[in-house]
Amino acid sequence: MATNYDPSEIEPRWQQKWEADGLYHADIDPSMPKHYALTMLPYPSGDLHIGHWYIMTPSDARARWLRMNGYNVMFPIGFDAFGLPAENAAIARNIHPKKWTYKNIANMRVQLRSMGAMFDWRREAISSDPSYYKWSQWFFKKLFEQGLAYRKLAPVDYCPKDNTTLAREQVIGENRVCERCGTPVTKKELEQWFFRTTKYADELLQYPGIDWPDRIRTLQTNWIGRSEGATVVFQISPPAEAGGDQGGGSIEVFTTRPDTLWGATFMVLAPEHPLVARLTTDEQRPAVEAYIAQTLRQTDIQREAADTEKTGIFTGGYAVNPVNGERVPVWIADYVLMTYGTGAIMAVPAHDQRDFEFARRYGLAVQPVIQPEGVELDGATMTEAYPHAGVMVNSGPFDGTPATEGKGMKNPAVRSVTEWLETKGVGRADVNYRLRDWTISRQRYWGAPIPMVHCTSCGWNPVPDDELPVLLPDDVEWLPTGESPLKLDPTWKHTTCPVCNEPAERETDTLDTFMCSSWYHLRYLSPDYDEGPFRQEDYDYWMPVDSYTGGAEHATMHLIYTRFFHKALRDMHMVEGHEPMLQLRNQGHILGPDGNRMSKSKGNVIDPDEQVRRYGADTVRAYLMFGYRWSEGGPWNTENIHGPVRWLRRVWDLFTSPPPPVEPDPEAARQLRRKAHQTLIQVTQSFETYQFNTIISGLMELLNSIVDLGAAGAAGTDTWDEALDIYLRMLAPVAPHIAEELWTNVMGKPYSIHLQPWPEADAEAAREEVVVMPVQVNGKLRDRIELPAGFTRAEAETAALASEIVQRFVDGKTPKKVIVVPGKLVNIVV
RNA sequence: GCCGGAGUGGCGGAACAGGCAGACGCGCGCGACUCAAAAUCGCGUUCCUUCGGGAGUGUGGGUUCGAUUCCCACCUUCGGCACCA
């Protein structure tokens with residue numbers, strides 16, 4: 001029976017049999033508890049990357065483990081197939097994006113199958129299939145009907161290389177580059193479709209009942225950027241001298257520090273603010289217009305760079321500070337952004353560094369209103385703003401009120417001033433968010449057409465349901481010209497208005513691919529269903545997603561979008577619960593052997609196919625689980641993989657070349673049983689907590705014990721058989737092929753090991769009989785004593801003091817205290 | 001600048017509701033088998049040591065009988081945000 005371990009023969013054979021038998025089909029079974037295990041779907045960019053293995057194979061092992069624990073587990077797979085990378089690659093190679101994409105999918109399917117994962121391939125969903133994007137379009141319509149999709153003219157982020165607009169989330173890094181191609185983005189004023197993500201800003205900050213990493217929650221919380229404060233109304237002052245059309249009106253500002261209102265000595269509007277034209281006096285008009293023109297020429301990057309010197313210009317207009325009636329000049333400056341708050345601020349130079357710099361540059365008044373303890377702030381001589389705690393001064397009725405450091409309503413000064421503003425009718429408590437609505441229009445070809453029609457008399461209307469999907473035509477020029485390729489098609493855009501039936505034009509932009517991936521977990525439920533995006537009974541059984549695995553880089557993109565999507569659908573009564581995914585875990589990333597990100601140009605790419613050819617899928621799986629903290633990742637190591645290589649070879653040898661008969665020894669058998677059940681407890685716990693490296697190390701340790709204790713007399717006993725049985729069951733989730741081969745063909749046990757239950761741990765058997773207690777003297781380890789399990793404190797103390805080595809260190813002194821921690825140690829304090 | 005991870009042998013990493021630091025593996029060294037090499041197996045492997053011990057989990061303090069684990073202040077590094085009023 002002794003043969004060499006040959007994964008290249010074993011693995012494809014079992015993969016074919018499992019598939020032929022439908023072993024991993026997940027079907028509704030109300031008699032079983034369900035578990036929806038989801039791993040982020042891959043983008044069909046060419047070849048499967050070792051990174052895909054790193055996300056998917058540990059996730060697969062855990063899904064298999066759950067299945068052995070009695071869950072009806074669904075572990076689906078699909079492709080996020082629309083989007084820029086496919087289109088760009090297709091342009092570079094001069095093939096049609098569709099052809100390129102589907103060729104890659106065919107290739108990646110083969111590669112994915114070589115993992116030996118328990119994917120239910122019947123549920124495969126591909127976002128660029130018409131049967132899929134029909135429902136992406138349908139969801140768009142639903143959002144439109146709810147007012148959650150809308151069209152507006154707005155300055156949006158634009159990638160000049162990819163020639164398309166981008167969502168704010170897709171602009172990254174300190175120099176604000178395109179998430180896909182790394183080109184610095186520019187701003188463009190365009191009519192675009194948006195999703196009203198801001199409607200859910202506050203709710204997205206809550207994570208009710210879900211187990212998501214703090215890290216992701218923090219990233220999302222920062223991204224959403226909630227600020228508490230007050231909106232305050234400043235009346236525009238009547239003209240002090242001739243010029244300017246200033247017949248009343250008011251300017252609203254948002255501030256997180258209403259307690260500093262008495263120190264607001266001027267106001268600043270964004271140059272694009274609609275009131276600028278009204279406020280500007282004739283005298284100032286040429287200068288103001290010149291400043292605005294100059295601002296427009298600047299890129300957003302220049303404008304938003306925090307370290308440039310603040311510039312601005314006086315409009316000539318004034319407003320009245322509502323708390324003290326003082327007339328304050330109104331300026332415009334590009335450090336005030338039209339896209340946040342009201343696009344206007346009250347400037348408090350004494351307590352805000354930006355306002356301070358601006359005031360000093362233009363000689364504006366600085367009035368301290370928060371006095372720190374023991375220091376006298378003087379507006380004339382201050383060298384920087386004082387943004388910290390103190391006592392309110394020069395603040396009318398609030399003089400003497402303590403102001404703490406924090407912004408928002410937790411600061412009592414902020415709260416009481418806000419309440420006072422409300423009673424005076426000049427302000428109200430308010431909240432602002434950094435989050436912007438999601439721009440979803442893309443001026444590119446390879447995406448789902450936005451199902452909207454524009455008619456000169458009826459405006460924008462959705463395509464009727466029975467005309468969905470709006471098919472993406474194959475025969476267009478899909479070169480990126482900056483215009484939507486669909487617009488350049490001579491015929492496609494022409495249609496009739498769904499309302500008046502007159503000639504009308506289709507929307508020629510396509511949907512951001514992140515929209516398609518916001519609901520893919522729902523399509524897996526019923527991928528062939530054509531009456532709706534999913535079948536209700538499938539939803540009722542499988543949702544929500546119980547465990548979701550993927551990269552943390554999606555924290556402020558996909559993972560916000562999909563939560564928004566779920567909440568929107570919930571409010572339309574299409575889905576239940578407040579969150580789509582109950583548990584989220586992020587893996588790290590595998591780098592090249594040189595420690596850099598893998599890239600073809602660096603020549604450090606590890607090809608999983610080659611590793612599988614060399615070592616087998618089970619070994620690659622085991623290495624990826626064993627070699628890293630899953631949450632951290634790290635460089636691929638061409639030497640460390642030899643550990644798992646040897647391990648699985650030794651496992652093979654143990655089962656195929658059983659040890660020679662020995663004299664049975666009950667003590668060795670008892671020890672083996674103890675180790676087996678201890679390992680079982682530890683491995684179970686490691687699966688629970690996604691600690692894949694200690695699953696493998698536990699199995700390696702147990703193998704060592706089986707070999708050693710077998711030779712010592714455990715071999716051939718019932719305990720031996722039990723240990724080997726437990727061993728294969730524990731091996732099955734991590735190395736499914738070798739476990740199946742050894743179980744079914746070598747041990748002759750009933751097919752399939754993957755239908756077997758997870759073994760039950762015997763806590764009694766796992767308990768140690770003899771306890772080795774470390775003995776410390778003054779906290780330093782001096783000796784170890786053996787005690788029978790179940791000893792008393794007094795026995796432990798006596799035994800510890802009796803130790804010769806301990807006595808040497810106690811050195812005749814009387815112990816002040818003896819600490820006995822049962823099961824841990826004895827510490828003698830002298 | 002602000003927010004959040006992470007710093008443990010030559011390397012990947014274990015152990016943390018405070019209790020034997022370095023499990024498991026890689027690499028390395030010595031040995032066995034072999035004509036030889038590979039593979040395999042056995043032993044060893046944190047550092048220093050006068051062999052009694054001593055030091056040691058990024059640095060410096062603190063709490064404690066006892067700290068990799070908790071607290072304070074730093075340093076390094078990796079992410080994220082960045083004129084957000």
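These numbers were taken from a predicted model, which means no experiment stands behind them. Naming: A, B, ... by sequence-line order, numbering from 1 per chain.
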At under 4.0 Å between heavy atoms, what does [X] touch on the DNA or RNA strands: base, sugar-phosphate, or nothing?
{"X": "A:Gly633", "result": "sugar-phosphate"}
{"X": "A:Ile819", "result": "base"}
{"X": "A:Arg808", "result": "sugar-phosphate"}
{"X": "A:Asn704", "result": "sugar-phosphate"}
{"X": "A:Phe358", "result": "nothing"}
{"X": "A:Lys816", "result": "nothing"}
{"X": "A:Arg629", "result": "sugar-phosphate"}
{"X": "A:Asp352", "result": "nothing"}
{"X": "A:Gln776", "result": "base"}
{"X": "A:Arg217", "result": "nothing"}

With a 4.0 Å cutoff (strictly under), does any side-chain N or O of [X] reach OP1 or OP2 of [N]?
{"X": "A:Asn432", "N": "B:A85", "value": "no"}
{"X": "A:Thr339", "N": "B:C84", "value": "no"}
{"X": "A:Arg168", "N": "B:A82", "value": "yes"}
{"X": "A:Arg649", "N": "B:U40", "value": "yes"}
{"X": "A:Lys780", "N": "B:A55", "value": "yes"}
{"X": "A:Arg215", "N": "B:C3", "value": "no"}
{"X": "A:Tyr340", "N": "B:A85", "value": "yes"}
{"X": "A:Arg782", "N": "B:G54", "value": "yes"}

| request: Please step through ring-ring contact (aromatic ring centres under 6.0 Å, His included) for the pair A:Tyr623 and A:Trp636, ending with a clear verdict. | output: CA-CA 10 Å; A:Tyr623 168 66; A:Trp636 178 271; 4.8 Å; yes
Look through every strand shown and name the nucleotide pairing with [N] as Watson-Crick or G-U wobble, where both distances are under 3.5 Å.
{"N": "B:G79", "value": "B:C3"}
{"N": "B:C74", "value": "B:G58"}
{"N": "B:G19", "value": "B:C65"}
{"N": "B:A14", "value": "none"}
{"N": "B:C28", "value": "B:G44"}

Using the [atom1] atoms only, state how far [M] lies from [N], rounded to an integer number of Å.
{"N": "B:A23", "M": "B:C72", "atom1": "C1'", "value": "33 Å"}
{"N": "B:G22", "M": "B:G9", "atom1": "C1'", "value": "7 Å"}
{"N": "B:G60", "M": "B:A55", "atom1": "P", "value": "14 Å"}
{"N": "B:U59", "M": "B:U50", "atom1": "C1'", "value": "31 Å"}
{"N": "B:G10", "M": "B:A6", "atom1": "P", "value": "23 Å"}
{"N": "B:U76", "M": "B:U57", "atom1": "C1'", "value": "16 Å"}
{"N": "B:C74", "M": "B:G25", "atom1": "P", "value": "42 Å"}
{"N": "B:G7", "M": "B:G56", "atom1": "C1'", "value": "15 Å"}

Donor on one side chain, acceptor on other, [X] and [Y], under 3.5 Å:
{"X": "A:Tyr5", "Y": "A:Asp653", "value": "no"}
{"X": "A:Asn222", "Y": "A:Arg434", "value": "no"}
{"X": "A:Ser686", "Y": "A:Thr694", "value": "yes"}

| request: Taking syn as within 90° of 0 and anti otherwise, name the glycosidic form of B:G9. | output: syn
| query | Does B:G52 sit syn or anti, given that only angles within 90° of 0 count as syn? | reply | syn
Round to a whole Å and report the spacing from [atom1] of [X] to [atom2] of [N].
{"X": "A:Leu702", "N": "B:A23", "atom1": "CG", "atom2": "P", "answer": "18 Å"}
{"X": "A:Asp214", "N": "B:G80", "atom1": "CG", "atom2": "C1'", "answer": "15 Å"}
{"X": "A:Glu553", "N": "B:G80", "atom1": "CD", "atom2": "P", "answer": "10 Å"}
{"X": "A:Ile805", "N": "B:G53", "atom1": "CD1", "atom2": "C1'", "answer": "12 Å"}
{"X": "A:Asn4", "N": "B:A39", "atom1": "CG", "atom2": "P", "answer": "15 Å"}
{"X": "A:Met557", "N": "B:G79", "atom1": "CE", "atom2": "C1'", "answer": "13 Å"}

| message | Any salt bridge linking A:Arg226 with A:Asp202? Criterion: basic side-chain nitrogen under 4.0 Å from a carboxylate oxygen. | response | yes
| message | Tell me whether A:Asp355 is salt-bridged to A:Lys310, with the criterion being a basic N under 4.0 Å from an acidic carboxylate O. | response | no
| message | If we ignore hydrogens and angles and just use 3.5 Å, is the side chain of A:Thr197 paired with the main-chain N or O of A:Arg436 as donor and acceptor? | response | yes
| Do A:Arg226 and B:C84 share a donor-acceptor pair, side chain to base, under 3.5 Å? | no
| task | Report the residue (A:Trp223 or A:Leu825) whose heavy-atom-nearest nucleotide on RNA chain B is the more 5′ of the two. | result | A:Leu825
| note | By nearest-nucleotide position on RNA chain B, the 5'-leaning member of A:Asn778 and A:Arg646 is A:Arg646
| query | Between B:C65, B:A85, B:A23, which one does the side chain of A:Glu701 approach most closely? | reply | B:A23
| field | Closest listed nucleotide, where the reference is the side chain of A:Arg650 and the choices are B:C3, B:G19, B:C41 | value | B:C41
| Out of A:Trp331, A:Phe356, A:Phe266, which one pairs with A:Tyr362 under the ring pair (Phe, Tyr, Trp, His ring centres under 6.0 Å) rule? | A:Trp331
| request: Given salt bridge (charged side-chain N to carboxylate O under 4.0 Å, His left out), test A:Glu228 with A:Arg415 step by step and report yes or no. | output: CA-CA 10 Å; A:Glu228 283 181 352; A:Arg415 195 173 46 230; over 6 Å; no
| Atom pair CD (A:Glu553) and NE2 (A:His589), whose distance is rounded to the nearest 0.5 Å | 3.5 Å
| query | Taking atom CD1 of A:Ile695 and atom CE of A:Met700, what is their separation to the nearest 0.5 Å? | reply | 12.5 Å
Is there any protein nitrogen or oxygen under 3.5 Å from a nitrogen or oxygen in nucleotides 74-78 of chain B, and what are the pairs?
none

